[in-house]
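Okay, structure first, notes after.
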Amino acid sequence: QKEVEQNSGPLSVPEGAIASLNCTYSDRGSQSFFWYRQYSGKSPELIMSIYSNGDKEDGRFTAQLNKASQYVSLLIRDSQPSDSATYLCAVNGPGSGSRLTFGEGTQLTVNP
Amino acid sequence: KAGVTQTPRYLIKTRGQQVTLSCSPISGHRSVSWYQQTPGQGLQFLFEYFSETQRNKGNFPGRFSGRQFSNSRSEMNVSTLELGDSALYLCASSLGGYMPQHFGDGTRLSIL
């Protein structure tokens with residue numbers, strides 16, 4: 001079992017729709033959770049961080065965390081073509097310092 | 001506020017050579033982590049430095065090493081380069097612990 005798994009892509013949504021990206025993790029003691037966006041040929045860009053159960057909203061982005069289910073998700077409302085990128089889920093476990101374990105990423109395409 | 005700066009951006013080497021990559025973190029950040037990104041393996045953690053001490057190390061051979069200076073700048077060294085070392089090498093800085101990490105633009109290393 002992979003430590004961090006993301007829903008297989010690619011994911012394609014029409015402009016204006018809600019894009020839903022999912023991630024599960026295996027280490028129940030994981031403490032912090034991040035979503036990064038990576039455009040082709042660029043480095044990952046942090047878009048959301050979440051540490052406690054529930055929802056966290058930032059503009060069009062909402063991160064959801066459920067530690068009991070070991071599940072974290074990212075919702076993108078009113079998707080725009082500029083949101084087309086690969087979204088990476090990253091998890092930081094206990095005793096691992098700043099070590100992040102990444103999922104393989106989900107490629108999102110928003111069609112105009 | 002300046003972001004994470006990595007130099008050089010691109011590097012071409014031949015097998016057997018060695019290479020040194022540099023990373024300057026965001027001002028005030030004392031934690032610097034290094035990651036390798038390849039199409040096949042995704043983002044893999046190499047090591048983390050905090051206040052000049054290596055706190056964590058990923059599953060990479062001893063050919064990969066690093067260090068951190070008193071001003072938090074970090075270098076990564078790869079000796080006896082192999083074709084499989086061709087990758088995007090990313091540096092990320094943070095305040096440490098479970099705080100969000102911010103990535104530099106990366107160094108793209110190609111081995112001929």
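This one's a predicted model, so the numbers in the text were calculated from it and none came from an experiment. Throughout, protein chains are lettered first and strands after them, A, B, ... in sequence-line order, and every chain is numbered starting at 1.
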Task: Any K57(B) side-chain heavy atom under 4.5 Å of R99(A) side chain - done: no

Open item on the list: Any heavy-atom pair between the side chains of F102(A) and F45(B) that's under 4.5 Å?
Closed with: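 No, their side chains stay 4.5 Å or more apart.
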
Nearest-0.5 Å distance, [atom1] of residue [X] to [atom2] of residue [Y]:
X	Y	atom1	atom2	answer
F103(B)	L100(A)	CZ	CG	6.0 Å
S43(A)	H102(B)	OG	NE2	12.0 Å
Q37(B)	L88(A)	CD	CG	7.0 Å
S32(A)	M99(B)	OG	CE	9.5 Å

Is [Y] reachable from [X] through a run of hydrophobic residues whose side-chain heavy atoms are each under 4.5 Å from the next?
X	Y	result
L11(A)	I47(A)	yes
V4(A)	W35(A)	yes
L90(B)	F64(B)	no
L21(B)	V78(B)	yes
F61(A)	V13(A)	yes

Task: Engaged part of Q31(A) at the chain B interface, taking heavy atoms whose separation is under 4.5 Å - done: side chain

Task: L43(B) portion near chain A, given a 4.5 angstrom heavy-atom threshold - done: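 Both backbone and side chain of L43(B) come within 4.5 Å of chain A.
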
- [ ] Using non-hydrogen atoms and a 4.5 Å limit, figure out which bit of F47(B) sits close to chain A: side chain, backbone, both or neither.
- [x]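 Looking at F47(B), nothing touches chain A.
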
Open item on the list: One pair to check against side chain to side chain contact (heavy atoms under 4.5 Å, CB included): K42(A) and D105(B). What are the steps and the verdict?
Closed with: CA-CA 7 Å; K42(A) 301 294 187 181; D105(B) 289 336; over 6 Å; no

Task: Test side chain to side chain contact (heavy atoms under 4.5 Å, CB included) applied to S98(A) and Q101(B), step by step - done: CA-CA 8 Å; S98(A) 294; Q101(B) 294 182 37; 3.5 Å; yes

TODO: State whether the side chain of Y98(B) and the backbone N or O of Y51(A) hold a donor-acceptor pair below 3.5 Å, judged by distance alone.
DONE: no

Task: Neighbour count above 12 (heavy atom, 6.0 Å) for N71(B) CG - done: yes

Open item on the list: Counting only heavy atoms from other residues, nucleotides and ligands, does the tally under 6.0 Å from CZ of R63(B) exceed 12?
Closed with: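 Yes - once you tally the heavy atoms of other residues, nucleotides and ligands closer than 6.0 Å, there are more than 12.
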
TODO: Considering only heavy atoms and a distance below 4.5 Å, find which of G42(B), S33(B), G97(B) pairs most often with chain A.
DONE: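 Most heavy-atom pairs within the cutoff with chain A belong to G97(B).
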
